[in-house]
Amino acid sequence: MNGSHSQHRDEPQEENLGLDLVSQVASSSRAAKKKPKRWIFAVTGLAIIVVLAVVILSLLNGGTKASKAADAADAITQTVELKSGGKAVLSSSESENAVGAELSELPALDGSEQYVAWAVRESGSISVIVSSTGEDASAGLTPADDVIALHITVEGSKIPEAPSADAEASVDLPLAEDKAAKYEK
């Protein structure tokens with residue numbers, strides 16, 4: 001250049017070029033973040049333990065609704081043969097206020113069909129108790145004090161809101177107890 005001496009060359013240069021401001025902002029933002037309190041971890045752990053205890057107790061105490069109906073002291077069971085093969089053991093219990101359906105020995109269906117057990121209530125409302133594509137299945141329904149009939153049908157892969165007219169089996173409640181089942185107990 002013109003041989004003149006730059007005034008800035010002799011001045012001590014600041015080495016960090018403003019990085020000390022970045023460092024200061026970063027450390028102040030870390031300080032602004034609060035560490036979670038230890039009691040939050042304790043409360044979360046206690047909530048998890050309570051939920052697990054409730055689940056375990058309900059599994060040990062309750063059993064399935066189908067077994068509640070079938071295993072009760074006042075249980076009435078009725079076995080019905082399905083039109084397409086297989087059988088359904090239907091049970092009801094007044095003391096447990098439950099009905100149950102156990103489907104077994106069912107012929108396999110293609111993927112677009114399934115067996116469905118229905119409960120029909122006095123009000124006309126209908127509930128699905130259990131469905132199966134051919135494997136053994138059991139389930140129940142409670143409360144069942146207003147159930148007046150049980151139907152088993154073959155439906156499509158999507159369960160409709162009401163059973164089809166062609167039933168595999170239909171039984172009115174109260175059930176007529178099986179004579180064979182009576183002597184097995």
Side-chain angles (χ1 to χ4, degrees), residues 44 47-185:
T44 304
I48 291 170
I49 290 170
V50 168
V51 168
L52 287 174
V54 167
V55 168
I56 290 170
L57 283 175
S58 68
L59 289 175
L60 292 176
N61 188 24
T64 65
K65 294 175 187 176
S67 66
K68 277 185 173 185
D71 295 340
D74 67 336
I76 298 173
T77 61
Q78 184 175 348
T79 303
V80 294
E81 298 295 324
L82 304 180
K83 285 181 188 176
S84 60
K87 66 180 182 178
V89 178
L90 306 173
S91 56
S92 66
S93 168
E94 208 172 292
S95 65
E96 293 290 336
N97 194 15
V99 294
E102 190 174 324
L103 306 176
S104 61
E105 302 172 19
L106 301 170
L109 295 172
D110 65 20
S112 66
E113 293 181 315
Q114 59 185 323
Y115 296 95
V116 181
W118 306 83
V120 180
R121 298 183 182 271
E122 285 177 320
S123 65
S125 67
I126 300 168
S127 302
V128 172
I129 298 174
V130 66
S131 65
S132 169
T133 57
E135 64 278 352
D136 292 355
S138 67
L141 181 70
T142 185
D145 55 346
D146 63 340
V147 173
I148 58 171
L150 300 173
H151 299 296
I152 300 168
T153 61
V154 175
E155 304 293 346
S157 60
K158 184 175 185 238
I159 297 175
E161 292 184 25
S164 60
D166 187 26
E168 290 285 312
S170 292
V171 176
D172 292 331
L173 269 66
L175 295 174
E177 188 166 4
D178 286 343
K179 291 184 183 5
K182 185 176 186 179
Y183 296 113
E184 290 174 9
K185 288 186 181 178

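Closest heavy-atom contact between G86 and P107: N-CD, 4.1 Å. When all heavy atoms of P160 and E155 are compared, the pair lying nearest together is CG-OE1, 3.4 Å.
I129 is not listed as a side-chain neighbour of W118, based on a closest heavy-atom distance of 4.5 Å or more. Using a 4.5 Å heavy-atom threshold, the side chains of V147 and R121 count as touching. The shortest side-chain heavy-atom distance between P163 and V116 does not fall under the 4.5 Å cut-off.
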Would E96 and T142 satisfy side-chain contact (heavy atoms from CB on, under 4.5 Å), going step by step from the backbone distance to the final call?
CA-CA 8 Å; E96 293 290 336; T142 185; over 6 Å; no
Evaluation steps, side-chain contact (heavy atoms from CB on, under 4.5 Å), between L150 and L173
CA-CA 8 Å; L150 300 173; L173 269 66; 3.7 Å; yes
Please test Y115 against T153 for side-chain contact (heavy atoms from CB on, under 4.5 Å), starting from the C-alpha separation and ending with a verdict.
CA-CA 6 Å; Y115 296 95; T153 61; over 6 Å; no
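From E102, atom CD reaches atom OG of S132 across 11.5 Å, with rounding to the nearest 0.5 Å. Here the CD-CD1 distance, from Q114 to I159, works out to 4.0 Å after rounding to the nearest 0.5 Å.
Legend: residues meeting salt bridge (Lys or Arg N to Asp or Glu O under 4.0 Å) with D166, ordered by chain and number and at least two apart, are K83.
A 6.0 Å sphere centred on CD of E113 holds more than 12 heavy atoms belonging to other residues, nucleotides or ligands.
If you check the side chains of S84 and E168, you find a donor sitting under 3.5 Å from an acceptor. In the model, S92 has no side-chain atom that pairs as donor or acceptor with a side-chain atom of E94 under 3.5 Å.
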